[in-house]
Amino acid sequence: MKPLAFRWRIALGSACVTALALAMFSAIVAYALYRQDIGELDTRLATDAEIAFAFRKETRATGDGWIETLAKADPDLGGYALLGPKREVQLASPAAYASLAKHTKTGGRAFSHVLQGVRLRVGEFIEDDTTLLLAAEPKDADQDVRELLEGYALALPFVLLLAGGGGWWLAGRALQPMVQITRKAELITADRLAERLPETGAPDEITRHVRVLNGMLDRLERSFLQANRFAADASHELRTPLTILRGEVEQALHVEDLAPAQEAFLVNLQEQLVALQKITENLLLLARFDAGKIPLEKSLVDLSALVTEVAEDAELLAAPGELKVEVWAPAGVRVPGDPVLLRRVLLNLVDNAVRYNRPGGLIKIALEGSAKEAHFRVGNTGAGISAGQRDDLFKRFHRLNADRGRATGGSGLGLSLCREIATAHKGRIELTASDTDWTEFTVHLPRAQVEWPAR
């Protein structure tokens with residue numbers, strides 16, 4: 001189940017807390033109101049008892065006749081019981097109230113009692129040797145509490161709606177700076193590390209958080225620039241000595257009367273120098289891409305002609321492995337871009353198709369054009385790429401496990417460089433097929449939207 005957005009969680013949390021607070025408040029108020037009404041009922045019972053005892057003194061009534069005045073004094077009185085000196089029941093009205101004598105409290109305190117399913121409030125009043133028990137139903141208290149709780153129940157949905165809506169609105173206001181920060185952070189990429197997150201200006205937690213993140217970006221930018229500078233400087237400095245070494249080795253190969261072992265050694269050295277030169281050039285180019293210092297020399301490139309040229313190179317590369325090359329390149333497909341860099345992408349893909357192929361296998365090169373994009377596909381027979389490897393294909397220095405020993409001469413930079421070049425041309429590269437006997441990469445490039453100078 002997808003978790004709720006933080007804003008909605010705040011709204012629901014506000015509604016739940018409000019509901020809990022309202023429930024607690026209503027319970028406390030209801031209890032206080034009930035106690036108040038019960039207190040008033042106890043006072044009324046005490047007043048009834050005072051009236052009855054006073055009537056007995058004034059009239060000097062004998063027997064039990066004086067007790068009849070209670071019914072006239074308080075029509076809401078539920079009943080009474082009169083106890084003698086030994087707490088024997090002398091009179092009870094209704095008769096069932098005689099059982100109250102068993103539950104009387106000493107000290108004349110009022111208490112609650114349930115009689116025949118009816119809840120009663122009973123007051124115990126003592127004068128001389130006579131005990132008078134008066135009982136009444138707490139109807140007013142029950143009604144007041146019921147009306148109060150009904151009022152809270154009716155108000156609860158509106159209160160929860162108001163609390164939830166208010167929480168949602170306040171959360172939106174509070175999170176607005178975070179939304180702006182998130183949008184800005186999404187735009188900060190490797191070539192835009194100089195940008196910083198906006199500060200709200202208020203001395204709050206968000207501002208402190210932004211300052212910490214900006215400090216982290218400062219450190220990342222310095223480290224990134226230092227790494228790029230090192231890669232670019234190292235690659236640049238290595239180019240000249242590698243070129244000299246390669247020239248010396250090629251010159252040594254032309255010396256007459258070389259022993260077979262010496263010739264094999266020099267040939268191997270030459271191959272390693274060529275591979276090292278290629279790695280150095282790729283590193284230098286990647287470092288320039290990272291630094292944003294690759295100005296594209298854009299022109300309207302005839303991709304059909306470029307694919308045809310690359311296909312001819314592919315046939316030369318495929319000859320030692322007896323690989324078959326099939327080409328489909330309809331004329332008239334043009335894209336805006338740098339022809340040198342685009343040629344490098346095509347050559348890298350073709351070179352991989354040759355390297356990672358089986359003897360006597362097949363290479364297919366196809367160019368297709370749609371209204372908005374040109375699609376260049378290179379497929380080859382050979383071992384497929386496992387699902388676990390596909391996410392890392394375009395990472396730098398990533399090579400398949402079968403190629404860890406550099407048996408094919410790969411450096412793990414070719415696909416990464418292809419992606420950088422495609423991205424610089426507002427295009428993309430992707431692995432479109434891979435199984436046990438076929439692997440295919442596709443480059444998508446936008447078609448010409450303006451008239452560039454033909455080249």
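All values derive from a computational prediction rather than experimental measurement.
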* Worked verdict on E430 versus T442 for side chain to side chain donor-acceptor pair (under 3.5 Å) -> CA-CA 6 Å; E430 57 186 355; T442 303; 5.7 Å; no

* Whether over 12 other heavy atoms sit under 6.0 Å from W438 CH2 -> yes

* Structure fact -> For A30 and V145 the tightest heavy-atom approach is O-CG2, 3.7 Å

* To do: Taking the side chain as every heavy atom from C-beta outward, state whether D37 and E40 have any pair of such atoms under 4.5 Å apart.
  => yes

* Asked: Can you tell me if CZ on R183 sees more than 12 non-hydrogen neighbours from other groups inside 6.0 Å?
  -> no

* **Pairs meeting criterion side-chain hydrogen bond (donor to acceptor under 3.5 Å, both in side chains) with involvement of residues 307-316, two or more places apart** => E309-R343, D313-R343

* Mind running side chain to side chain contact (heavy atoms under 4.5 Å, CB included) on V159 and L161 for me, showing each step along the way? => CA-CA 5 Å; V159 173; L161 183 62; over 6 Å; no

* Shortest non-hydrogen contact from A318 to V325? -> CB-CG2, 3.9 Å

* E326/K324 ion pair, N-O < 4.0 Å -> yes

* Asked: Less than 4.5 Å apart, any side-chain heavy atom of I38 and any of D42?
  -> yes

* Euclidean distance, R447 CZ relative to L300 CG, rounded to 0.5 Å -> 9.0 Å

* To do: Taking the side chain as every heavy atom from C-beta outward, state whether H375 and L367 have any atom pair closer than 4.5 Å.
  => no

* CZ on R219 to CG on N214, rounded to 0.5 Å -> 10.5 Å

* To do: Could you pull out the closest heavy-atom pair between S112 and R121, with the gap in Å?
  => OG-NH1, 3.0 Å

* **NZ/NE/NH1/NH2 to OD/OE distance under 4.0 Å, E373 and R428** => yes

* Using a 4.5 Å cut-off on heavy atoms from C-beta on, say whether the side chain of T439 contacts that of L431. => yes

* Asked: Which pair of non-hydrogen atoms, one from L45 and one from A136, has the smallest distance, and what is that distance?
  -> CD2-CB, 4.2 Å

* Yes or no on side chain to side chain contact (heavy atoms under 4.5 Å, CB included) for F441 and V443, after CA distance, side-chain angles and deciding distance? -> CA-CA 7 Å; F441 287 88; V443 180; over 6 Å; no

* **Residue pairs passing the ring-ring contact (aromatic ring centres under 6.0 Å, His included) test where at least one lies in residues 297-326, sequence neighbours excluded** => none

* To do: Quick one: pull up CZ in R173 and CH2 in W168 and give me the separation to the nearest 0.5 Å.
  => 12.0 Å

* Structure fact -> CG of L120 to NE2 of H113, rounded to nearest 0.5 Å, is 7.0 Å

* To do: Find the distance between CH2 (W328) and CD (E368) and round it off to the nearest 0.5 Å.
  => 9.0 Å

* **Audit row: L148, S26, side chain to side chain contact (heavy atoms under 4.5 Å, CB included) steps and yes/no** => CA-CA 8 Å; L148 176 67; S26 61; over 6 Å; no

* Structure fact -> With sequence neighbours left out, the residues meeting side-chain hydrogen bond (donor to acceptor under 3.5 Å, both in side chains) with D144 are none

* Non-hydrogen side-chain atoms of S299 and V301 separated by less than 4.5 Å -> yes

* Asked: Under 4.5 Å between any side-chain heavy atoms of V307 and I365, yes or no?
  -> yes

* Asked: Between M216 and V212, is any pair of side-chain heavy atoms under 4.5 Å apart?
  -> no

* Got a donor-acceptor contact below 3.5 angstrom from the H425 side chain to the D338 backbone? -> yes

Report all side-chain donor-acceptor pairs from residues 12-23 shorter than 3.5 Å, counting only partners two or more places apart or in another chain.
residue, atom, partner, partner atom, Å
S14, OG, I10, O, 2.8
T18, OG1, S14, O, 2.7

* So which pairs with a foot in residues 146-161 pass side-chain hydrogen bond (donor to acceptor under 3.5 Å, both in side chains), sequence neighbours left out? -> Q143-E147

* Of the options L317, V350, V354, which is the one that meets I363 in a side-chain contact (heavy atoms from CB on, under 4.5 Å)? -> V354

* Compare all side-chain heavy atoms of N380 with those of K364 and state whether any distance is below 4.5 angstrom. => no

* Structure fact -> On a heavy-atom basis, the closest approach of L100 and A135 is CD1-CB, 4.2 Å

* Structure fact -> Shortest non-hydrogen pair, V378 vs L349, comes out as CG1-O, 3.8 Å

* To do: Sorted by first residue and then second, give each ring-ring contact (aromatic ring centres under 6.0 Å, His included) pair with at least one member in residues 10-34; sequence neighbours left out.
  => none

* **Modelled atom types, side-chain donor and acceptor of N357 and T381, under 3.5 Å** => yes

* Asked: Are any of the side-chain nitrogens in R119 or E137 under 4.0 Å away from the carboxylate oxygens of its partner?
  -> no

* **Audit row: L77, L134, side chain to side chain contact (heavy atoms under 4.5 Å, CB included) steps and yes/no** => CA-CA 8 Å; L77 185 66; L134 302 180; 4.1 Å; yes

* Side-chain (S304) to main-chain (V333) donor-acceptor, under 3.5 angstrom -> yes

* Structure fact -> When rounded to the nearest 0.5 Å, the distance separating CD1 of I429 from CD1 of I421 is 9.5 Å

